[in-house]
Amino acid sequence: MPFPPRFLDELRERVTLSQLISRKVKLTRRGREYLGLCPFHHEKTPSFTVNDDKGFYHCFGCGAHGDAIRFLTESEKMPFTEAVEHLAHLVGLSVPQMTADDVKKQETLHNDLAIMEAACAYFQEQLFSARGEKARQYLQNRGITKEVAQAFRLGYAPSGSGLMAYLTEKGFSLSVAASLGLIVESAEKRARHDYFYERVMFPILNRRQKVIAFGGRLLEKGEPKYLNSPETTLFHKGEQLYALSQAVETIRKKNQAVLVEGYMDVIALHSAGFTNAVAPLGTAFTEQQLKLLWQACDEPIICFDGDLAGRKAAVRALYRALDILMPGKSLQFVFLPDPFDPDDMIRKKSPQAFQEALDKAQSFADTLWNTLLENRSIDTPERFAKLEKDVSDTIGRIKDERVRTSYVREMKNRLWRLAHQRKRERAAVMFRSSGGILRPTEDRESRMMLAYLICYPEQGQKILETAFLPQFQTPETQHLFEKVSQRLVENPDITGAEMKKYLTDEEETVLPLEVEIIEKSDKDPITVQAEINKWLDSIRIKTLYQTKKEKLKLFAKNQTPELWQEIKQITEEIEKLEATE
């Protein structure tokens, strides 16, 4: 008895697979999965896993794999219908009765799949006939052997209307074949011809390994180079992935999928042992395709071509995934050297070179950060503020609150480190422009700043916002400042007591006198903030005086208008700061 696909999908979702299997197999929880002895073969060491989230079991010993329905048909030898009815009873789901319309739809689906299967067989026959010599030569030049071509059921569509004749001979309706994208017919149905011709054919299979569409690669020059079947009742290209049915077992086993751009990339990778490779179908990577991969693994790897177009496509995939990130579900990215694609890496370099590229895959966070920084100047406060705004707006697109909160914390941390790096670079530039004789700030002032940051972290945050950060004379104080600053960025609400607990005994001895002085003063937050502002202004004034002094020396040697303007600006800033003291 056939069942509606939606009913079967709902049934699989309702069944808790581990509870069903635990009636027959003793399972032990291991992280997100359950582990036990395989019921399908004799073993002493458990290799049978059950994953409730993904709704499947898998044995790494004998390869047994399936869902709740298959477990009953395999382990209990139940007929399919009985297994479905049994599970429906367990979860309280009514078994729908097939209407005449349902039966008709099933018959139509069966007939449509039969036509697609016949077309695939025709294309395969043509590839290995005399007419397919040019196509075979093309595949051979691309490193595809006869065995690989047969494994992927590759074919050839010759010129003419041979497929029409073949389907007619088999008794199939040409109008139905036209609705499935195999035949082109005029509105009046008076003229028909094959949809594909003079192309190497790549059959596209659904999850049940049934042919639902084709992709064709033109052998001669012309456009489009690649042509896919049109959208049909069987085929929606944004919801399918090329070679997923062949790759899904490896993807689940390795918890890793590699998404590449084209058919040839997939076949080359499978031939080289990377049997977890799949590809979108001539369209931008969609949310539906990502969700398909997430059913089998947690962090698929995007590995598009190394040229500019491939990089842009990867960035589009990044932003498309941003909206639907979930805890534990993300993407990784590999950027190949220009102009290599995965097929090139395998043939012109080596499988090992491609594996090394996969081993260096960037995390989603790293790729997002690098994308936001790419070709961007942040050398002014306004430009840096624009970066902060863009980061905030981008992270705001993440719908899952937990993931969004994690990214807010992560990107705030990265922005702080970037700002700190810029301040160091500016200090180095100032040092070089002074002829290499600019001295660090007086040690007492820098040590007091650090002590304030430890004892009053809430008020001390202003220290991190200034462009005139203290310059520490010893590696110990510099290291301590960076550690305390990092802690404050990661936890803005930390108290002074918590900050002291965070420090090691050795670190507390770096400036015991300054910390003791501030702690004994027991001042209120307003007074503390005023003192910090005073210290900061003092540091800024001394730094500016030193800078002005060195600029004057340079001006005495080279009296340029630009240098004099800089001296005037420094003088005005000193006067403004001294007036507020």
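Not measured: the values here are computed from a predicted model. Values below: every heavy atom of this structure, side chains too, minus hydrogens, waters and symmetry copies.
- Counting non-hydrogen atoms of other residues, nucleotides and ligands closer than 6.0 Å to CZ of Arg402 gives a total of 12 or fewer.
- A 6.0 Å sphere centred on CZ of Arg208 holds no more than 12 heavy atoms belonging to other residues, nucleotides or ligands.
- In this structure, Met201 CE and Ser229 OG are separated by 6.5 Å, a value rounded to the nearest 0.5 Å.
- Salt bridge absent: Lys348 and Asp341 never bring a charged side-chain N and a carboxylate O closer than 4.0 Å.
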Name the atoms and distances for all side-chain donor-acceptor pairs under 3.5 Å in residues 255-269, with sequence neighbours left out.
{"from": "Asn255", "atom 1": "OD1", "to": "Asp298", "atom 2": "N", "distance (Å)": "3.0"}
{"from": "Asn255", "atom 1": "ND2", "to": "Asp298", "atom 2": "OD2", "distance (Å)": "3.3"}
{"from": "Gln256", "atom 1": "OE1", "to": "Asn276", "atom 2": "ND2", "distance (Å)": "3.2"}
{"from": "Glu261", "atom 1": "OE2", "to": "Asp305", "atom 2": "N", "distance (Å)": "2.8"}
{"from": "Tyr263", "atom 1": "OH", "to": "Asn228", "atom 2": "OD1", "distance (Å)": "2.4"}
{"from": "Asp265", "atom 1": "OD1", "to": "Asp343", "atom 2": "N", "distance (Å)": "3.2"}
{"from": "Asp265", "atom 1": "OD2", "to": "Gly262", "atom 2": "N", "distance (Å)": "3.4"}

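- Using cut-offs of 30° and 60° for the angle between ring planes, the Phe364 and Tyr407 rings count as perpendicular.
- Ring pair Phe71/Phe48 is tilted by interplanar angle, where 30° to 60° counts as tilted.
- Applying the ring pair (Phe, Tyr, Trp, His ring centres under 6.0 Å) rule to pairs touching residues 265-308 yields Phe152-His270, Phe274-Phe354, sequence neighbours excluded.
- Salt-bridge check for Glu33 with Lys54: failed, with every basic side-chain N at 4.0 Å or more from each acidic carboxylate O.
- By the neighbour-count criterion of 12 heavy atoms within 6.0 Å, atom NE2 of His41 is densely surrounded, having more than that number from other residues, nucleotides or ligands.
- Side-chain contact between Gln150 and Phe128 is present, with at least one heavy-atom pair separated by less than 4.5 Å.
- Between Tyr197 and His193, the ring planes are perpendicular. Angles over 60° get that label, and only those under 30° would be called parallel.
- Under the 30°/60° scheme for interplanar angles, the aromatic rings of Phe123 and Phe196 are found to stand perpendicular.
- Salt-bridge check for Asp67 with Arg70: failed, with every basic side-chain N at 4.0 Å or more from each acidic carboxylate O.
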Subject >> Derivation and outcome, side-chain contact (heavy atoms from CB on, under 4.5 Å), residues Thr286 and Lys237 >> reply: CA-CA 10 Å; Thr286 67; Lys237 61 184 178 181; over 6 Å; no

